[in-house]
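Counting starts at 1 for both ligands and their atoms, following the listed order. Nothing here was measured: the structure is a model prediction, and the numbers come from that model.
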Amino acid sequence: MAQRTFSIIKPDAMRKNHAGAILAEIERAGFRIVAIKKLFISKAQAEGFYYVHRERPFFASLTQFMSSGPIIAMVLEKDNAITDLRKLMGATNPANADEGTIRKKFAASIEENAIHGSDAEDTAQFEIGYFFAGYELL
Ligand code: ATP
Ligand code: MG
């Protein structure tokens, strides 16, 4: 059954002009782009998005990074979208990412790792709602 997930092209990939190449990989893998926008979030907005990680030692650095430049936020749809996007992204640390994955190709480090993808149904719902209104999801 078609499922929706949420993804971000992170500031490192935007700075390196990799957005188009990453979108091409996503479309080639069969995802439909339901909604998409470029935006520049504040540190407070990044903290709200990554609230689940607030106790982690990398929280300050991560939210600083995510507010360091423009991002592209998007909602993607396909069968098994959540799992399939995580597979296409590769491991969090690009050093451990499989050949052919987006992070293997485009990520520089465990923090500056090019792309975000929701990790479960409930987080996908929260993340979609954080960035998009219902009327934008057509
Ligand atoms: P994302 O949630 O962005 O899709 P992920 O689910 O693979 O990535 P998480 O454990 O949710 O990884 O971590 C969220 C983000 O925090 C990572 O994508 C990365 O940018 C950053 N991060 C994770 N672990 C570290 C770390 N040890 N040091 C620095 N940054 C980290
Ligand atoms: Mg995560």
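- Between I8 and F131, the closest side-chain pair of non-hydrogen atoms falls below 4.5 Å.
- Within the set R56, E127, K10, H116, the minimum heavy-atom distance to atom 4 (O) of ligand 1 is found for H116.
- With respect to atom 13 (O) of ligand 1, the closest heavy atom belonging to the protein is H53 NE2, 3.6 Å.
- If you look at F65 next to ligand 1, there are no close heavy atoms at all, none under 4.0 Å.
- Nearest to atom 7 (O) of ligand 1 by heavy atom, out of N93, V52, I110, T92, is T92.
- Side-chain contact annotation: Q45 with S67, donor-acceptor N/O pair under 3.5 Å absent.
- Nearest to atom 26 (C) of ligand 1 by heavy-atom distance, out of F49, F6, Y50, F58, is F58.
- Counted within 6.0 Å of NZ on K16, heavy atoms from surrounding residues, nucleotides or ligands total more than 12; the atom is thus considered enclosed.
- Classification of K78 and D84 as a salt-bridged pair holds, one side-chain N sitting under 4.0 Å from a carboxylate O.
- In this structure, the protein non-hydrogen atom closest to atom 30 (N) of ligand 1 is E111 CB, 3.6 Å.
- Summarising the local packing, CG of D79 is surrounded by more than 12 heavy atoms from other residues, nucleotides or ligands at distances under 6.0 Å.
- Of all the heavy atoms in F59 and Y50, the pair that sits closest is CE1-O, 3.3 Å.
- Figure legend: cation-pi geometry between R54 and Y51, with NZ or CZ positioned under 6.0 Å from the six-membered ring centre and within 45° of its axis.
- Using a 4.0 Å cut-off between a side-chain N of Lys or Arg and a carboxylate O of Asp or Glu, E27 and R32 do not qualify as a salt bridge.
- Here is the list of ligand 1 atoms found below 4.0 Å of a heavy atom in N113: 17 (C), 18 (O), 19 (C), 20 (O).
- Taking every heavy atom of G117 and a limit of under 4.0 angstrom, the matching atoms of ligand 1 come to 4 (O).
- Residue R103 has at least one heavy-atom neighbour below 4.0 Å for each of these atoms of ligand 1: 1 (P), 3 (O), 4 (O), 7 (O), 8 (O), 18 (O).
- Here R86 has side-chain heavy atoms under 4.0 Å from ligand 1, and that is the only part of it that gets that close.
- Distances from ligand 1 to the non-hydrogen atoms of L62 include at least one value under 4.0 Å.
- Of all the heavy atoms of M89, the ones lying under 4.0 Å from any atom of ligand 1 belong exclusively to the side chain.
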